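Per chain, numbering begins at 1; letters A, B, ... match sequence-line order. Just so it is clear, the model here is predicted, and its values are computed rather than measured.
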Amino acid sequence: MTSQRSLVQVQYCPFFDEIIVDFWIHTERFKMSSKKQDDYMERMRHSASHIMAEAVQHLFPDAKFGIGPTIEDGFYYDFELPRPLTPEDLPIIENEMRKIISQNVPFIADEMSKDKARELFAAQPYKLELIDEIPDSSVTIYKQGSFIDLCRGPHLASTGEVKAFKLTRIAGAYWRGDEKRPMLQRIYGVAFESQEELDNYFSRQAEATKRDHRKLGKELDLFSIHEEIGPGLICWHPRGAMIRQVIEDFWKAEHRKRGYDIVYTPHIAKLDLWKTSGHWEFYRDYLFSPMEIEGQQYMLKPMNCIGHILIYKSKLRSYRNLPLRYAELGTVYRYERTGVLYGLARVRGFTQDDAHIFCRPDQIEEEVLEVLNLIQFMMSSFGFDEYELLLSTRPEKYAGTVSMWEEATGSLKHVLEKLDLHYEIDPGEGVFYGPKIDIKLKDALGHVWQGPTIQVDFNLPQRFNVCYIGEDGLEHNVAMIHRTVLGSMERFLACLTEHYGGAFPVWLSPVQALIIPIADRHVSYAHKIASSFKNDGIRVCVDDRSERMNLKIREAQLEKVPYMLIVGDKEMATSGVSVRLRSGEDLDIKAPTEVKKRIRAAIEARS
RNA sequence: GCCAGCGUAGCUCAGGGGUAGAGCAGCGGUUUCGUAAACCGCCGGUCGUCGGUUCAAAUCCGACCGCUGGCUCCA
């Protein structure tokens, strides 16, 4: 998985525009930020950030200033302060900002030599560091009132033009994003052109919060995480497990159709294997500690590839056998630092929808093409219309030869172009063992998660001597492709839950239809209807509690059950059911066969 | 792992140096009802864990565990 550091730099660091431009001029990403250059909102948010910095300076005269760029919807500024900030500080800083805004002082730009700037910022170590890194001989500064900042601008004409803003949160942030450097205190704020837009922002946030899979997971009874079991370890409840089963069944059927062989491999293996594979050497920080069994060291598997390789190597393979595609819903365990765990999206134990394709080098391109087709099919089946494709190229440390990398990267690129897919290049972000194509999915709160991935591997075939006998009768190293089309079941369910806001399409809904008898005398009729629906393969339940219909409907709505089938005297008299959809729509009395047909059609259309 | 905040009943949350409260859920009744919450009663918590300060700690302090928001990381 790649970091987002590069993207962050482009969007977030106004002080380094020149450097960034040189470096990123050929990438798509630069366009994203350049579009914003003259944007009014950009200037306003950046100005708000300077006003916040001035307010902080008023309150903490000894403050040291880091950087204060704009971000989506707002801005932040990093400070070194004599004491930690608490949430109570935010309104105080906001008030100070309002004072500065009401004074309506102008932003004044100036240009000066770097030496002069060094004098000016003599007490500001972070600014001095920034000055040193600016390639030009002079720098620009911006001044409002008593506050002077090293800054390229542009800004608004004066502080009074900043209209609607709010400081949202405080956070620690390493200087220059480097773990080894001091942690500064970051204040985040949002700013808009009007109070109305600011209000809209907060109501959008509130809507997004409702889609949070961690919240919906509890409300819809999908999964739980227990302190007693351990952080990042998931218990799938019956409803979550139902969704997972449907996805897995669909996944397996689709893989069998496309020439994959489904396999199973053990969850633990001897440590020596992981030494041979290089995991022990390269990823020890992400592995659970080994365990000793009968004097032998064993380890929980962090990846599924080793098992698949050993299956491949269990007999001699001819070039005629290739490609071989081994697929497994393989559960892996990786030690993730506590601070990074996040609901189902970042966990310590997860099930990858993994497969390894063993092929001849000349088959890579076609195999990648087929995988991309499969990914597209899967994404569209689950309603993901928009996702980001990234092609990651050779990093500094790499296995294999430059020519192998170039050839494989070329193949990946060629396939992407052949399929006319829009993608971006992530330079140097490939895994050490080969180039890859990643697909990123966005969650409701705007986090970007790696989902599907296709990775070419030059490392393992060599380390494990994975070969086939070629036409020439000689052994050749096989080409190996790692790939997932969903990512992991856990992360995929997280994204899926947020994507649908918990209202899963009928084919995925744990309960597809809930039968609601109005009074106790309708219960046996309800069960009769239920069993006929069950016989037709529809997941149906009867709410046969002695409760009022209104309560049952309310609860079914909250559970987002797609079909509510109400049965009372009228329905019994006509042998029908009244259909209510979760949209609130009332379809009136229908014949059960008609309703079954309708639900079956929705299931088969995967809608 | 780092910075900040938080941790009170199954859930959502109030309270706060003198030994705990609401709504929902659960349980027991009553109600048998027509498209998003019927009514009455009962049960329920060593206030995350461990240690310290104090006559007295759920409340103050410390450590640890976990969660939240960021940072870093993410094969």
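- Of the N and O atoms on the side chains of A/H308 and A/T265, not one donor lies less than 3.5 Å from an acceptor on the other residue.
- By the 6.0 Å and 45° rule, A/R169 stacks over the aromatic ring of A/Y188.
- Among B/C2, B/A38, B/C74, the nucleotide with an atom closest to any side-chain atom of A/R346 is B/C74.
- Counted by atom type alone, A/R214 and A/Y342 present one or more donor-acceptor pairs between their side chains at under 3.5 Å.
- If you check the side chains of A/Q557 and A/R580, you find a donor sitting under 3.5 Å from an acceptor.
- On the C1' atoms, B/A14 is 29 Å away from B/G52, given to the nearest whole Å.
- Remark: the separation of the C1' atoms in B/G10 and B/C27 is 13 Å, to the nearest Å.
- In this structure, A/Y77 has its ring center closer than 6.0 angstrom to the ring center of A/F79.
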Find every protein N or O atom lying less than 3.5 Å from an N or O atom of nucleotides 62-66 of chain B, and list the pairs.
{"from": "B/C65", "atom 1": "O2'", "to": "A/E227", "atom 2": "OE2", "distance (Å)": "2.9"}
{"from": "B/G66", "atom 1": "O4'", "to": "A/E227", "atom 2": "OE2", "distance (Å)": "3.4"}

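- B/G28 sits 49 Å from B/G70 when the C1' atoms are compared, rounded to a whole Å.
- Nucleotides B/C39 and B/G23 place their P atoms 12 Å apart, quoted to the nearest Å.
- Within 4.0 Å of A/L558, counting heavy atoms only, lies at least one base atom of the nucleic acid.
- Residue A/A171 is classed as a base contact, given a heavy-atom separation below 4.0 Å to a base.
- If you check every strand for non-hydrogen atoms under 4.0 Å, A/R83 touches nothing.
- Atom-to-atom distance recorded for A/D285:CG and A/E336:CD is 11.0 Å, nearest 0.5 angstrom.
- In this structure, CG on A/L81 lies 5.0 Å from CD on A/Q185, to the nearest 0.5 angstrom.
- Nucleotides B/C6 and B/G62, compared at atom P, are 12 Å apart to the nearest Å.
- Proximity of residues 477-487 of chain A to RNA chain B (heavy atom under 4.0 angstrom from any strand atom) is not detected for any residue.
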Report task. Going 5' to 3' through nucleotides 28-35 of chain B, assign each nucleotide B (protein heavy atom under 4.0 Å from a base atom), S (under 4.0 Å only from sugar-phosphate atoms) or - (no protein heavy atom that close). Result -> ---BBBBB

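- A donor and an acceptor atom, one from each side chain of A/Y525 and A/E571, are nowhere located under 3.5 Å apart.
- Taking the C1' atoms as reference points, B/U53 lies 10 Å from B/A57, given to the whole Å.
- Mapping A/L184 and A/Y333 onto RNA chain B by nearest heavy atom places A/L184 closer to the 5' end of the strand.
- Taking a pair as Watson-Crick or G-U wobble with both distances under 3.5 Å, the runs of three or more consecutive pairs in RNA chain B are B:1-7 with B:65-71, B:10-13 with B:21-24, B:26-30 with B:38-42, B:48-52 with B:60-64.
- Considering every non-hydrogen atom in both A/Y174 and A/R181, the closest pair reads CD2-O, 3.6 Å.
- Identified under the salt bridge (charged side-chain N to carboxylate O under 4.0 Å, His left out) test for residues 516-526 of chain A, with sequence neighbours left out: A/R521-A/D569.
- The nucleotide whose nearest atom lies closest to any side-chain atom of A/I170 is, among B/A4, B/U72, B/C3, B/A4.
- Taking atom P in both B/C74 and B/U12, one finds a spacing of 33 Å when rounded to whole Å.
- For the side chain to side chain contact (heavy atoms under 4.5 Å, CB included) criterion with A/N304, the lone passing option out of A/T331, A/I309, A/V332 is A/V332.
- Among residues at least two apart or in separate chains, salt bridge (charged side-chain N to carboxylate O under 4.0 Å, His left out) pairs with a member in residues 544-565 of chain A are A/R239-A/E559, A/D543-A/R545, A/R545-A/E555.
- The side chain of A/Q557 approaches B/A36 more closely than any other nucleotide in the set B/U72, B/A36, B/G69.
- When the C1' atom is compared between B/C3 and B/A22, the two are found 35 Å apart, to the nearest whole Å.
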